[in-house]
Engineer: 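A single structure is presented below for examination.
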Amino acid sequence: IKKSGLLEMIPVKEEIEDIGGLVNLKKWLEKKKKIFDNLSKAIRYGVDTPKGIMLVGMPGCGKSLAAKATAKLFDMPLVRLDIGRLLGKYVGESETNMRKALKLAEATSPCVLWIDEIEKAFAGIGSDNSEVTTRLFGQFLTWMQEKDNEVFIVATANDITRLPPEFLRKGRFDELFFVDFPNADERELILQIHLRKRNQERSIDLTKIVEKTEGYNGADLEAIVKVAVENCFIEGKAFVTEKDLLKAQRKIKSISVTL
Ligand code: ATP
């Protein structure tokens, strides 16, 4: 895989419990796990092998995290396909690379194949200079539709408007999930997850910080916890308090405003 330069093995330690929110996605994955855990029995019973999902939504809200946690949950290796690397200079090179990448993924199966920012590769289909991407797109869809292997696709995209509609038609992916900014309850869960990861899970009242972080994504919330924990350590405090989180929140906010 490494030699091919097309695919990359991603080490995973993220668990499904590390995702705050995305409840429907987590429930769906738990159900599919039951199929993968007993695949031959399920197939004999008449159940189809799960094909894959598309996760679309805001940056920093947990799409990559979900791709990793999926592999961990299914107990499969995670292989990332960088479509940018498929595109070659010579006629037919991109298609050959795509074929090679899909064959390699099949050879690694059972595995989770994560296609990140899939819209970048297929944007512009239908425009004048898009013959190669159109062919790649067709090739991928045919493979997706005909595939009969344990390669579970997790395709992630930030911008659904840049995806060709054929992509979203039934029968391609099993399911499409929208990943939005976390609501208040989800923000609380995300803060708790990152506090727990840093051994700071004592009962901190998160009400105020949750109120003040409307519009923050999961990555911002993680950054607040990181900054607060680091500051407290440097200041020699025994543990993080609500006040420390609020102080960090003001900092994180001002950073995004400056950017
Ligand atoms: P991008 O589109 O920019 O790649 P993304 O949606 O894939 O963004 P992630 O890379 O998964 O976002 O998020 C970055 C980090 O923020 C994660 O590794 C995780 O630590 C934290 N994070 C984001 N969303 C969540 C969430 N729902 N629950 C817990 N942590 C989260």
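Just so you know, ligand 1 is whichever comes first in the structure, and atom 1 is the first atom listed for that ligand. Fair warning: this is a prediction, and the values are worked out from it, not measured in the lab. Numbers for residues simply follow the sequence, beginning at 1.
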Engineer: Do Phe36 and Leu29 make a side-chain contact, defined as non-hydrogen atoms from C-beta onward lying under 4.5 Å apart?
Structural biologist: no

Engineer: Tell me who clusters with Phe181, hydrophobic residues only, linked when side chains sit under 4.5 Å apart either directly or through other members.
Structural biologist: Met58

Engineer: Measure across Tyr216 and Leu221 and return the closest heavy-atom pair with its distance rounded to 0.1 Å.
Structural biologist: CB-CD2, 4.2 Å

Engineer: Evaluate side chain to side chain contact (heavy atoms under 4.5 Å, CB included) for Trp114 paired with Val79, printing each intermediate quantity in order.
Structural biologist: CA-CA 6 Å; Trp114 171 22; Val79 181; over 6 Å; no

Engineer: Can you list the residues that meet the salt bridge (charged side-chain N to carboxylate O under 4.0 Å, His left out) rule with Glu235, with sequence neighbours excluded?
Structural biologist: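 By the salt bridge (charged side-chain N to carboxylate O under 4.0 Å, His left out) rule, Glu235 matches Lys237, Lys247.
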
Engineer: Using a threshold of 4.0 angstrom between heavy atoms of the protein and any atom of ligand 1, which residues qualify?
Structural biologist: Asp18, Ile19, Gly20, Met58, Pro59, Gly60, Cys61, Gly62, Lys63, Ser64, Leu65, Asn158, Ile190, His194, Gly218, Ala219, Glu222

Engineer: Under the side-chain hydrogen bond (donor to acceptor under 3.5 Å, both in side chains) rule, what pairs show up with a residue in residues 38-57, not counting sequence neighbours?
Structural biologist: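 Output for this query is empty, none listed.
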
